[in-house]
Protein chains: 2
Amino acid sequence: MRTYDYLLNYDIKPSVQRIAIMDYLLEHRTHPSIDEIYMALCDEIPTLSKTTVYNTLKLFVEHGAAQMLTIDERNVNYDADIQLHAHFLCKKCNRIYDFPANREEEKVHSMNLNGFDVEEIHQYYKGICPSCASQMKKEEN
Amino acid sequence: MRTYDYLLNYDIKPSVQRIAIMDYLLEHRTHPSIDEIYMALCDEIPTLSKTTVYNTLKLFVEHGAAQMLTIDERNVNYDADIQLHAHFLCKKCNRIYDFPANREEEKVHSMNLNGFDVEEIHQYYKGICPSCASQMKKEEN
DNA sequence: TTTCTTATTTGTAATTATTACAATTTCTTT
DNA sequence: AAAGAAATTGTAATAATTACAAATAAGAAA
């Protein structure tokens with residue numbers, strides 16, 4: 001499906017900027033930050049403003065077309081994959097990896113009973129990724 | 001146990017500032033931010049610097065005496081409860097509530113198999129808390 | 001097509017959280 | 001008390017985010 005229609009499905013009026021940003025999100029599953037997206041699209045859209053990237057991502061989240069990850073304390077990251085899945089943040093390289101979610105967690109949605117209206121579920125792990133771990137072993141020698 | 005000894009247990013050399021900050025964390029289970037802690041202790045310790053609050057919380061986390069929550073995109077929050085438990089962030093009032101964790105998640109620690117060294121597990125929920133929900137209902141009328 | 005209206009984008013400035021770092025103070029040890 | 005180390009402080013720098021008004025683009029009506 002074209003990104004144009006993809007956006008329409010989420011009731012988002014497509015524009016050059018919005019399509020480019022969503023395209024980037026869909027093609028780069030690295031959970032990019034605002035800055036990464038902005039930097040990457042500067043060539044393609046030389047007039048692009050960082051404010052637009054902020055506005056657009058906010059719009060995507062509001063329309064359910066993307067989710068915001070607050071796992072990294074330094075900045076917020078975005079993910080076009082809105083299916084429930086877990087994330088692993090490497091404390092060394094700050095890369096964010098996808099992991100299967102604990103499906104048990106979905107039951108939490110029924111926690112509504114307690115009066116808490118759960119709209120989002122996040123499962124975050126933090127530690128050292130295999131790539132950094134082996135790197136660190138090498139440096140020990 | 002006195003906070004003095006409590007800190008020593010975590011191999012943290014006690015000081016007026018560190019004791020005051022840990023006391024605050026232990027007595028206020030509201031997952032305060034740096035700013036909240038700083039503001040609250042300004043009266044007690046008039047010379048307190050915000051940098052000290054930053055340094056101290058960093059130290060606490062390094063020594064395992066507190067955990068850092070990155071659930072709120074606006075700023076980082078701290079929790080003296082280092083037992084595995086889940087958190088609920090109300091999108092309206094930004095309060096953070098404690099919830100029992102899904103114990104299944106602990107198994108993730110053995111995810112080491114895949115080469116990922118999991119040091120921290122976080123379970124976050126976001127939505128509307130009962131207090132805000134009833135408030136919003138009232139305002140509808 | 002031209003005009004009017006609305007939505008989107010842009011750029012700048014303001015705000016806020018966090019970090020860097022040197023100077024000062026406090027604590028320990030002698 | 002003096003010397004050395006550790007902790008604290010204050011200021012300045014950095015970086016992320018937001019506010020907002022002006023400019024541009026898009027769409028509807030004439």
Side-chain angles (χ1 to χ4, degrees), chain A residues 3-4 7-8 10-24 31-63 65-78 89 91 94 96, chain B residues 3-4 7-8 10-24 31-63 65-78 89 91 94 96:
Chain A
T3 309
Y4 184 93
L7 288 175
L8 283 179
Y10 285 103
D11 270 315
I12 297 167
K13 216 193 286 182
S15 72
V16 173
Q17 291 84 346
R18 289 173 180 175
I19 290 171
I21 293 171
M22 183 49 91
D23 265 339
Y24 188 85
H31 320 89
S33 65
I34 293 284
D35 204 58
E36 280 165 57
I37 298 169
Y38 173 71
M39 289 306 205
L41 298 180
C42 266
D43 288 337
E44 195 182 328
I45 308 170
T47 67
L48 185 65
S49 159
K50 203 176 258 190
T51 301
T52 300
V53 184
Y54 273 100
N55 291 341
T56 304
L57 267 304
K58 193 176 176 225
L59 188 78
F60 287 178
V61 171
E62 281 164 4
H63 285 247
Q67 71 171 135
M68 178 197 286
L69 308 182
T70 57
I71 185 172
D72 189 339
E73 76 215 67
R74 300 176 316 156
N75 54 25
V76 162
N77 297 275
Y78 291 92
L89 171 72
K91 289 176 174 181
N94 291 303
I96 297 173
Chain B
T3 309
Y4 185 93
L7 288 176
L8 283 180
Y10 285 103
D11 271 315
I12 297 167
K13 216 193 287 182
S15 73
V16 173
Q17 291 84 347
R18 289 173 180 177
I19 291 171
I21 293 171
M22 182 49 90
D23 266 340
Y24 188 85
H31 319 90
S33 65
I34 292 284
D35 205 58
E36 279 165 58
I37 298 170
Y38 173 71
M39 290 307 204
L41 299 180
C42 267
D43 289 337
E44 195 181 328
I45 309 170
T47 67
L48 185 66
S49 160
K50 204 176 256 189
T51 302
T52 300
V53 184
Y54 273 100
N55 291 341
T56 303
L57 267 303
K58 193 178 175 224
L59 189 78
F60 287 179
V61 171
E62 280 164 4
H63 285 248
Q67 64 166 323
M68 179 197 285
L69 308 182
T70 56
I71 185 171
D72 189 338
E73 77 217 66
R74 301 174 314 155
N75 54 23
V76 161
N77 297 274
Y78 291 92
L89 171 72
K91 290 177 174 181
N94 291 304
I96 297 173

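Order of the sequence lines sets the chain letters (A, B, ...), proteins ahead of strands, with each chain counted from 1.
- Separating the NZ atom of A:Lys50 from the C1' atom of D:dT17 is a distance of 10 Å, rounded to the nearest angstrom.
- With D:dT9, C:dT10, D:dT18 as the choices, the nucleotide that has an atom nearest any side-chain atom of A:Ser49 turns out to be C:dT10.
- Whole-Å rounding puts the A:Asn75 CG to D:dT14 P distance at 18 Å.
- At a non-hydrogen distance threshold of 4.0 Å, B:Asn55 from residues 55-63 of chain B come into contact with DNA chain D.
- Phosphate proximity of D:dT8 to B:Ser15: present, with a side-chain N or O under 4.0 Å from OP1 or OP2.
- In terms of heavy atoms, B:Pro14 sits closest to B:Leu8 at CD-CD2, 3.6 Å.
- Checked against ring-ring contact (aromatic ring centres under 6.0 Å, His included), B:Tyr10 has the following partners two or more places apart in sequence or in another chain: B:Tyr6.
- B:Ile19 places its CD1 atom 11 Å from the P atom of C:dC27, with the value rounded to the nearest Å.
- Annotation: side chain of B:Met68 is in contact with side chain of B:Tyr78 (closest heavy-atom distance under 4.5 Å).
- Between atom CG of residue B:Leu7 and atom CZ of residue B:Phe60 there is a gap of 5.0 Å, rounded to the nearest 0.5 Å.
- Contact annotation: A:Arg74 does not reach the phosphate of D:dA15 (side-chain N/O to OP1 or OP2, under 4.0 Å).
- To the nearest angstrom, P of C:dT9 lies 11 Å from CD1 of A:Ile12.
- Residue B:Arg74 holds its CZ atom at 3.5 Å from CG of B:Asn94, rounded to the nearest 0.5 Å.
- For the contact set between residues 31-47 of chain A and DNA chain D, defined by any heavy atom under 4.0 Å, there are no members.
- Residue contacts for B:Thr51: at a heavy-atom cut-off of 4.0 Å it reaches a base atom on one of the strands shown.
- In this model, the phosphate group of C:dT26 is not approached by any side-chain N or O of B:Gln17 to a distance below 4.0 Å at OP1 or OP2.
- To the nearest angstrom, P of D:dA7 lies 13 Å from CD1 of B:Ile21.
- Atom C1' of nucleotide D:dT11 and atom OH of B:Tyr54 are separated by 15 Å, given to the nearest angstrom.
- For the pair B:Leu7 CG and D:dA6 P, the computed distance is 18 Å after rounding to whole Å.
- As a whole-Å value, the separation of A:Tyr78 OH from D:dA16 P is 13 Å.
- Nearest-nucleotide mapping onto DNA chain D: of B:Lys13 and B:Leu48, the residue sitting toward the 5' end is B:Lys13.
- Within the 4.5 Å cutoff, the side chain of B:Leu57 has heavy atoms near those of the B:Ile37 side chain.
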